[in-house]
Amino acid sequence: MSNVRTRFAPSPTGYIHVGNVRSALYPFFIARQSGGQFVLRIEDTDQNRFVEGAEELIIDVLHWLGVNWDEGPDGNVECGNYGPYHQTARREIYHRWAMKLVDKGLAYADPRPADEIKALQDQAKAEHRLFLYRDHRPTNPPAWDGTQPLRFKVTNPVDYHWHDEVMGDLSAGRDAVDDFIIIKSDGLPTYNFAHIVDDAEMKITHVIRGQEYISSMPKYLALYDALELPWPVFAHLPHILAPEGNKKLGKRDGAKSVTEYRDEGYLPEAMVNFLACLGWNDGTEQEIFTMDELINKFSFAHVQKSGARFDEKRLLWLNGQWIKRLDVDDLLNRCEGFWGKHGTTADDDTRRAVLAIVQERMKTLADLPSLSEYFFARPAVNWDILSTSKQLSKRDRSDLINLLKAARARLQTADFSSADALQDALNELLVQTGEKPVIMFGIVRFALTWARFSPGLPETMQLLGRDEVLGRLDDAISS
RNA sequence: GGUCUCGUCGUCUAACGGUUAGGACAUCAGGUUUUCAUCCUGACAAUUCGGGUUCGAUUCCCGGCGAGAUCACCA
């Protein structure tokens, strides 16, 4: 019975986009469902691509999604017993492990200049020949003094066979592994070496990452064996595809930062639900999953082998579903920052009342202003908007104003304490004027909101209250 | 090009030798005595192709075609 430990190991090279998040989600599920630990490790060995603030962004996004880690950095503090959790702070550890290989004759300093190697590679390519560095090993490599790159030495190339939780049984031929650089000339390790050392030191049991690493697996396997390390469980995830074409979703395809979705009014629950189900399902017809359900039900057995397309329409639908399921107080909290000009200054009781009738038509929190502003402040009369109604645009304004006068007279004495009573009053108007509902209700709705869409008329009137309703009708009548 | 991998409605997927190939999103149509949204009902829509194996293939095998990943002192 081994204690499950998984990790998410991003590089701080830019914002974290939606395509990356899934490779944090799945290891998180695996760790949580088995009571293990989830580790965050920052792979910052590439100093050229380092982006200031990227790590903070990653942490911010994980917090927002509710993907919490047990070990790793968080702001200026780090927790966990296997740190440091930044690779740049682990130089000595890598050198110690590298020396093991040097001592065993399984690594050598490479004195050959980079351009010379490039020339050899180009030549092989021009001749359509496989290039293997191991065929060009320097005959008398110098002792490694830390200024030359250190190469792993493949002494016994073999065919590798291994199991992948997602992809099944995989294999690669003996030419798939070649002498490769494990420590760069700047003294920092390459990913190929660093992640293996780190995973071993941090006791990671499940390596879960994107499928782009599959073709490097023979290298890793050779390294595990050379270092006499046990193989962890492997799971390689297919890519999330861009909406157009068959390319992996990347920043160039407009892959948005997760924070952009947050700013556009998406709920973290919807984002987690959507991303988790992109290439995974639980085998049933369930579509909506809470985080707890995902943790309980997730399994690699149902992860798709091929890439899944990122479909924003589905995300939008899911977001609407999640918003509808929120209770009003919860929704109220999440709407902070999304209110329009007049909603921003309203009190919470009013906001709650507005949310109650507006909630089911919200697809994102950003829909709020267009759905709610006319509740907080009296809208300007705008007869032009009637052109959006096929029926009303055909009527003379004087006829419509007469209808509004009739409505005003009836509503003056109506019971505003319940929506049902208001509906009854409205229905009486239909009988009284002999007008069709589409006309009568349509014009009253416009006179109260002057908006293209709005919630149900009785609910709207009840919330506005008698004085405000009569006032707005007067505005329309006298315009 | 070498190596490795993948291939069910437009999209996400179910069916692990026997189903009228199911569900969801999207689209379209209708309904819920006002609009929009929700909700309900219905419609449209798929096994990449060709060979095998089998009483029977979406499913197993081989080949073609198509797609992707990777071949760095990047991760």
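Source: prediction; values computed, not measured. Basis for what follows: all heavy atoms, side chains included, without hydrogens, waters or symmetry-related copies. Letters A, B, ... are given to chains in the order of the sequence lines, protein chains preceding strands, and every chain is numbered from 1.
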Looking for any heavy atom pair under 4.0 Å, which part of the strands does A/T45 touch: base, sugar-phosphate only, or nothing?
sugar-phosphate
Heavy atoms under 4.0 Å, any strand shown: does A/H195 hit a base, just sugar-phosphate, or nothing?
nothing
Candidate nucleotides B/C36, B/A75, B/U35, ranked by approach to the side chain of A/R361 - the nearest
B/C36
B/G56 and B/A67: how far apart are their P atoms, nearest whole angstrom?
34 Å
Under 4.0 Å, counting only non-hydrogen atoms across every strand here, what does A/P149 touch: a base, just sugar-phosphate, or nothing?
base
What's A/F180 touching, base or sugar-phosphate or nothing? Going by heavy atoms closer than 4.0 Å.
nothing
Nearest whole Å is fine: how far is B/U3 P from A/R174 CZ?
14 Å
Paired with B/A45 by Watson-Crick or G-U wobble geometry, both distances under 3.5 Å: which nucleotide is it?
none
Within-4.5 Å side-chain heavy-atom neighbours: A/E264 and A/T364
no
Ignoring hydrogens and geometry, is there a side-chain-to-backbone donor-acceptor pair from A/S11 to A/T13 under 3.5 Å?
no
Choosing from B/A15, B/U5, B/C36, which nucleotide comes nearest the side chain of A/H302?
B/A15
Just the rounded figure in Å: distance from P of B/U13 to CG of A/N273.
14 Å
Nearest-angstrom distance, C1' atom, B/U53 to B/C65:
23 Å
Using whole Å, report how far CE of A/M362 lies from C1' of B/C36.
14 Å
Can you tell which of B/C74, B/A69, B/C39 lies closest to the side chain of A/K324?
B/C39
Base-pairing mate for B/U34 - Watson-Crick or G-U, with both contacts under 3.5 Å
none
Pick base, sugar-phosphate or nothing for A/A176, based on heavy-atom distances below 4.0 Å to the nucleic acid.
nothing
I need the CD1-P distance between A/I182 and B/C74, as an integer number of Å.
14 Å
When you measure only distances, ignoring hydrogens and angles, does the side chain of A/S454 come within 3.5 Å of the base of B/C36 through a donor and an acceptor?
no
What's A/Q391 touching, base or sugar-phosphate or nothing? Going by heavy atoms closer than 4.0 Å.
nothing
Please check if the side chain of A/R7 supplies one atom and the backbone of A/V39 the other of a donor-acceptor pair under 3.5 Å.
no
May I have the distance from A/E373 (atom CD) to B/C36 (atom C1'), rounded to whole angstrom?
18 Å
From B/U34, B/A14, B/C6, pick the nucleotide closest to the side chain of A/K305?
B/C6
Heavy atoms, side chains only, cut-off 4.5 Å: are A/M271 and A/V18 in contact?
yes
Watson-Crick or G-U counterpart of B/U59, or none if no pair lies under 3.5 Å
none
A/L223 and A/L101, any side-chain heavy atoms less than 4.5 Å apart:
yes
Of the candidate nucleotides B/C73, B/U34, B/A75, which contains the atom at the shortest distance from the side chain of A/I181?
B/C73
Taking C-beta and beyond as the side chain, do A/E43 and A/R41 meet within less than 4.5 Å on heavy atoms?
yes
Please give the distance between the P atoms of B/G22 and B/G42 as a whole number of Å.
14 Å
Ignoring backbone atoms, test whether A/K184 places a side-chain nitrogen or oxygen under 4.0 Å from the OP1 or OP2 oxygen of B/A75.
yes
Using a heavy-atom cut-off of under 4.0 Å over every strand shown, decide if A/P455 touches base, sugar-phosphate, or nothing.
base
Taking the P atom in each of B/C9 and B/A21, what is the distance between them to the nearest angstrom?
16 Å
More 5' along RNA chain B: A/Q87 or A/G279, using each one's nearest nucleotide?
A/G279
C1' atoms of B/U58 and B/G18, separation to the nearest Å:
13 Å
Report all interatomic pairs (protein N or O, nucleotide N or O of nucleotides 19-28 of chain B) with separations under 3.5 Å.
from  : atom 1 : to     : atom 2 : distance (Å)
B/G22 : O2'    : A/E285 : OE2    : 3.4
B/G23 : O4'    : A/E285 : OE2    : 3.2
B/A24 : O4'    : A/E287 : OE2    : 2.8
B/A24 : O2'    : A/R314 : NH1    : 3.2
B/A24 : N3     : A/R314 : NH1    : 3.3
B/C25 : O4'    : A/R314 : NH1    : 3.0

Taking any heavy-atom pair under 4.0 Å as a contact, classify A/N427: base, sugar-phosphate, or nothing.
base
When the ring planes of A/Y26 and A/F29 are compared, do they come out parallel, tilted or perpendicular, using 30° and 60° as the limits?
tilted
Classify A/N48 by what it touches in the nucleic acid, base, sugar-phosphate, or nothing, heavy-atom distance under 4.0 Å.
nothing
Between B/C71 atom P and A/E212 atom CD, what is the distance in whole Å?
10 Å
Would you list the pairs meeting side chain to side chain donor-acceptor pair (under 3.5 Å) in which at least one residue belongs to residues 122-134 of chain A, sequence neighbours left out?
A/D110-A/Y133, A/R112-A/Y133, A/K118-A/D122, A/Q123-A/E127, A/E127-A/R129
C1' atom, B/C16 versus B/U32: distance in rounded Å?
42 Å
Using the C1' atom on both, measure B/C55 against B/G1 and round to a whole Å.
46 Å
Could you check if a side-chain atom of A/F300 sits within less than 4.5 angstrom of a side-chain atom of A/L237, using non-hydrogen atoms only?
yes
Compare all side-chain heavy atoms of A/D225 with those of A/W231 and state whether any distance is below 4.5 angstrom.
yes
Picking from B/U5, B/C4, B/U34, which would you name as closest to the side chain of A/I214?
B/C4
Position toward the 5' end of RNA chain B (nearest nucleotide), A/A172 or A/W280:
A/A172
How is A/R309 classified with respect to the nucleic acid when contacts are heavy atoms under 4.0 Å: base, sugar-phosphate, or nothing?
sugar-phosphate
Side-chain atoms of A/S185 come closest, of B/A75, B/U13, B/C73, to B/C73
Candidates B/U5, B/C74, B/U70 - which lies nearest the side chain of A/L170
B/U5
Decide yes or no for A/H236 and A/V166: does some side-chain heavy atom of the first lie under 4.5 Å from some side-chain heavy atom of the second?
no
Whole-angstrom distance between B/U27 and B/C44, as gauged at atom C1':
8 Å
In terms of the angle between their ring planes, are A/Y220 and A/Y213 parallel, tilted or perpendicular, with boundaries placed at 30° and 60°?
tilted
Remember a base hit wins even if backbone is also touched, and classify A/T449 as base, sugar-phosphate or nothing at under 4.0 Å, heavy atoms.
nothing
Classify A/P12 by what it touches in the nucleic acid, base, sugar-phosphate, or nothing, heavy-atom distance under 4.0 Å.
nothing
From C-beta outward on A/E360, which listed nucleotide comes closest to its side chain: B/U38, B/U13, B/A75?
B/U38
Atom pair distance, as rounded to whole Å: CG in A/D420 and C1' in B/U33
15 Å
Remember a base hit wins even if backbone is also touched, and classify A/Q304 as base, sugar-phosphate or nothing at under 4.0 Å, heavy atoms.
sugar-phosphate
Quick one: which of B/A14, B/U34, B/C4 gets closest to the side chain of A/N281?
B/A14
Between B/A69 atom C1' and A/Q211 atom CD, what is the distance in whole Å?
6 Å
Hunt down the Watson-Crick or G-U wobble partner of B/C16, both distances under 3.5 Å, from any strand shown, or write none.
none
